[in-house]
Amino acid sequence: MTLFRSIPDRYQRCLARRPLAASLLFLALLVSATAGMSRLRLDLSFRPLFATGEEIAGPTREFESVFGQSSGAWIVAIIQNESADVPELLRATGLLSTKAKDIPHVVEVLSLTSAHIPSWSGNRLGTVEPIPDYLLGPDEEEELELQYEALLDGTRFVNWLVSPDGSRLLLAARIDLPMDDLDGRRVVVTDFTTRLKEFAPSTVSLQFTGVSVVELQYEKQVLQDQLIATAITSAVLIVLLLISFGNLRAVIVCLAPVSLAIPATLGLMGWLGQPLTIIHTTIPAIVLVVGIADAVHMLMAWLESRSDNKSKARAVKAMVAMTATACFFTTITIMGGFLSLLTARLEMVASFGLCAAIGIFVAWAANQVIIPILLRKVDAGSGLPDNLANRYADRLVSNALAFAVARPGPVIAAAAAIAIGCLFLISELRIDQKFNEELPEDHEVSLAQAVLERDFGGFLGPELSIRRRDGGPVLDDTSMQKLATFVRTVRALPETQHAWSVRDLLAGTHSEESRAAALQAMRSHPDTQYQAREFVTEDLSRMAVIVRLGDIGTRRAGAYHEELTRIASEAWGPDYAVEIVGQWWLSQYGMRLLLRDMIVSMVTGFAVVLPMLWLALRERRLFIAATVANVLPLLLPLAFMAATGIVLRIGTVVVLAIALGIAVDDTLHIILRLRSCQDGKGTIAAQIRRAMHGTGRAVVFTTLAIVGGFLSMMSNDLLAIHDMGIVAAVTFTGALISDLFVLPAVYALQQENKYRGRTDDLANSARW
């Protein structure tokens, strides 16, 4: 450990001799890093969380290159009758359908007034319009109402283009842009919503949904919520730190490094080509947590030295001696935990681990450079402030330590009982992700999604690719019979809303030749070309089935996929190859990978952290105490989620990745100070009290500040961020309790056994 003590000492001497040069050099590095923010790519949709491995994503990419992107091709307007009569509602739909057709990149519009349903009769292709244009004239109101009533009488249009009660109509616009071109789709969605709102009569209301609409709304919501949470978190931190230090200058010194580290981290992400996704938005909070924690410990150590009448420069030197090793090892330990995510199968999880590790390193470097320079120049106080809040903090720490040292056995037994209870609760933890439940029920996106699922079948669901293994055409009678059986069985599943196939286009055909002729004619007709392409290839060697479900969540999605696989195997047999593909399956599989990767990261992260703990401590008793103290904060958030019904999904699963780092940070600061106090003077309790003087107060106020910051996330409308704030606050609180009770109890018990062993040895020697 001599090496780790000498490096900070030499570095600080160099910093003291050339503070201006060091400041300018480091500032230039931060500015250069921050400049990368101009290159930072923003993608706050769920798309980065979709599975991307060639084995899983490859078949979907190939399928969509042939059949198109049926999952995300559509943006949707739901037209609701507020005060209009039936003719007025239908005329409004006709007007809005015409306006939507004029929007660039909209290649098809489906509604009751614009759909063209193919019909093959007498070797001729015709199209059926649910509501023909001529019925929208002012003199056809009676016939228009009769036609509308007929459509509501159990036709295929109900639950597709019209709601069962007839009060809502669907207008869907097909976009010819790829799904990953979110910037291009943003322009189309904006034009679509703006134009329809402009021309919609006051007697109807509009709701907008569809894959791209929801993605852009989530992007907007995440940005808005993060700005609000950042503002609240900053205010909470400033207030609590001001109470702790009693000095605004000390608060500024504490916050200055991390305030520079966060934009520098985002800039480095830009330089490295790493996107800012919904997971990556937690990185500023992680950098803030770790940076503030170390800064508070450093400032507390400086103030502790100042209270001994040391000069600012000598107090800086003492601060470095007390905290540099702990800060270094907390940094590399937490970085190691995050870098363990590089083994994740989901690309975004690996990227998140890399970027979080970079941010933690930048925060450490900023603290080590900026805080000593500022403390040599700024009057941040002359000692530990003796205000009411600090007295309460000291009393809390001293009482906790006294109790833990006096009764180590019962404390450890209670911690073990709580850990066992947590393990029992964890078995009840639900792992699930429903995309439509991330926003409050009264949010416009949630309302539109609920209506789309209830009245129009939704837009989520798998696609299936079907071909004969011998390469023959799939329009023969045998294939059509198997297709009918398969679709009928899939429609019988309780989660299935719709299941469409090429049979829906082939009414009036009775032979393989007439089917082929009908499909060739449909491909040549501008009103039906996209419908034909969605279901069968031009050479007729392959067909698709499109299934639509409600938002059943990842938990049920796996079982549904297995049922679909079984049904396909039974219906098609060994002579046909059937693949389940599509964006729905990529999203569900990606979420399952995310949940798996984050859970595995707890195990791998622990395996990475333990050797680093040993490297930092190099003493068996301290290592055992630190390890035991870090178990409870890892179990507690999982048990809390199980007990309160919070499911493991995007937001809460990210907490698992940072839980280990949260637990280790303060533990290492305490345990390394504890080792420095092992001078053999005084009782075990006295050694622990000396170690916790200043450090204990730093732990308490760091925890309070960070818990307050995370609880501010409860103001977010996005449920993933809202629940993440709650779970993170519980994790921090558990870490504080473990550090104040379990850690000293384990240490005290081991020290008692150590001294008892020495006494027994002396007694035995005396007998001889």
Side-chain angles (χ1 to χ4, degrees), residues 59 62-64 66-68 70-71 110 115-128 154-160 457 461-493 496-525 527-549 560-561 563-582:
E62 190 274 336
F63 174 87
E64 291 180 342
V66 175
F67 294 99
S70 58
S71 294
L110 282 181
H116 293 81
I117 309 303
S119 175
W120 185 255
S121 178
N123 295 326
R124 286 184 54 196
L125 176 67
T127 59
V128 176
T155 67
R156 61 182 295 184
F157 303 105
V158 177
N159 279 125
W160 175 34
E463 283 93 45
L464 294 99
S465 168
I466 303 164
R467 60 179 176 83
R468 285 171 49 171
R469 294 190 184 276
D470 62 8
V474 292
L475 296 183
D476 59 293
D477 291 342
T478 300
S479 298
M480 289 296 102
Q481 290 169 4
K482 288 179 178 293
L483 178 61
T485 302
F486 175 69
V487 171
R488 184 170 57 251
T489 309
V490 171
R491 285 174 177 164
L493 294 175
T496 302
Q497 304 271 23
H498 288 293
W500 288 293
S501 72
V502 70
R503 284 176 55 87
D504 295 301
L505 303 180
L506 294 176
T509 62
H510 303 286
S511 66
E512 184 174 349
E513 292 74 17
S514 64
R515 294 171 195 134
L519 288 168
Q520 183 178 1
M522 290 176 202
R523 282 185 171 273
S524 303
H525 196 289
D527 292 331
T528 57
Q529 58 178 320
Y530 293 103
Q531 298 176 52
R533 183 195 175 192
E534 276 191 339
F535 294 113
V536 68
T537 57
E538 191 169 3
D539 64 1
L540 309 179
S541 65
R542 187 174 166 194
M543 59 182 164
V545 175
I546 299 173
V547 181
R548 290 294 171 259
L549 317 170
Y560 188 89
H561 184 273
E563 289 180 26
L564 205 57
T565 302
R566 177 186 57 79
I567 292 169
S569 177
E570 293 174 357
W572 293 99
D575 296 332
Y576 292 80
V578 182
E579 284 185 297
I580 301 175
V581 295

Specify the closest pair of heavy atoms between M480 and R503, including all atoms of both residues, with the distance to one decimal. O-NH1, 3.7 Å
At their closest point, which heavy atom of M522 faces which heavy atom of A532, and how far apart are they? CB-CB, 3.9 Å
Checking T565 side chain against H561 main chain: does a donor-acceptor pair fall under 3.5 Å? yes
What one should report as the nearest heavy-atom pair of R542 and S465 is NE-OG, 2.8 Å
Using the six-membered ring wherever Trp is involved, compare the ring planes of W572 and Y576 and label them parallel, tilted or perpendicular (cut-offs 30° and 60°). tilted
Do L464 and F486 come within less than 4.5 Å of each other through their side chains, counting heavy atoms only? yes
Shortest non-hydrogen pair, L564 vs P462, comes out as CD2-CG, 3.7 Å
Taking the side chain as every heavy atom from C-beta outward, state whether W500 and V487 have any pair of such atoms under 4.5 Å apart. no
Stepwise, does the side-chain contact (heavy atoms from CB on, under 4.5 Å) test hold for L519 with L475? CA-CA 10 Å; L519 288 168; L475 296 183; 3.6 Å; yes
Could D476 and K482 be called an ion pair, given the rule that one side-chain N must be under 4.0 Å from one carboxylate O? no
Kindly indicate, with the supporting measurements, whether the criterion side-chain contact (heavy atoms from CB on, under 4.5 Å) is fulfilled by L125 and T528. CA-CA 10 Å; L125 176 67; T528 57; 4.2 Å; yes
Quick check: closest heavy atoms across S70 and E534, and the distance to 0.1 Å? CB-OE2, 3.6 Å
Are D504 and R156 side-chain neighbours, meaning at least one heavy-atom pair lies under 4.5 Å? yes
Separation between CG of L540 and CZ of R515, rounded to the nearest 0.5 Å: 11.5 Å
Give the minimum heavy-atom separation between R467 and V474, together with the two atoms involved. CA-CG1, 4.3 Å
Q497 side chain to N159 main-chain N or O, any donor-acceptor pair under 3.5 Å? no
Can you find a heavy atom in the side chain of D575 that is under 4.5 Å from one in the side chain of R469? no
Is the shortest heavy-atom distance from the side chain of V547 to the side chain of Y560 under 4.5 Å? yes
Distance from I466 atom CD1 to I580 atom CD1, nearest 0.5 Å? 10.0 Å
Does atom CD of E563 have more than 12 heavy-atom neighbours from other groups under 6.0 Å away? yes
Does the side chain of L493 come within less than 4.5 Å of I567's, by heavy atoms? yes
Side-chain contact, heavy-atom cut-off 4.5 Å: E579 with F63? no
Below 4.5 Å, heavy atoms only, C-beta onward: do F535 and I546 meet side chain to side chain? yes
Taking CZ in R491 as the centre, count heavy atoms belonging to other residues, nucleotides or ligands within less than 6.0 Å. Is the count above 12? yes
Mark yes when over 12 heavy atoms from residues, nucleotides or ligands other than E538 sit less than 6.0 Å from its CD; otherwise mark no. no
Is there a donor-acceptor pair closer than 3.5 Å between any side-chain N or O of R468 and the backbone N or O of P473? yes
One pair to check against side-chain contact (heavy atoms from CB on, under 4.5 Å): L549 and T496. What are the steps and the verdict? CA-CA 5 Å; L549 317 170; T496 302; 4.2 Å; yes
With no hydrogens and no angle check, is any side-chain donor or acceptor of R548 less than 3.5 Å from a backbone partner on G457? no
If you round to the nearest 0.5 Å, how far is CD of E463 from CD of E64? 7.0 Å
Measuring from atom OH of Y530 to atom NE2 of H525, what distance do you get when rounded to the nearest 0.5 angstrom? 14.0 Å
Verify, without hydrogens or angle tests, whether T489 (side chain) and T485 (backbone) share a donor-acceptor contact under 3.5 angstrom. yes
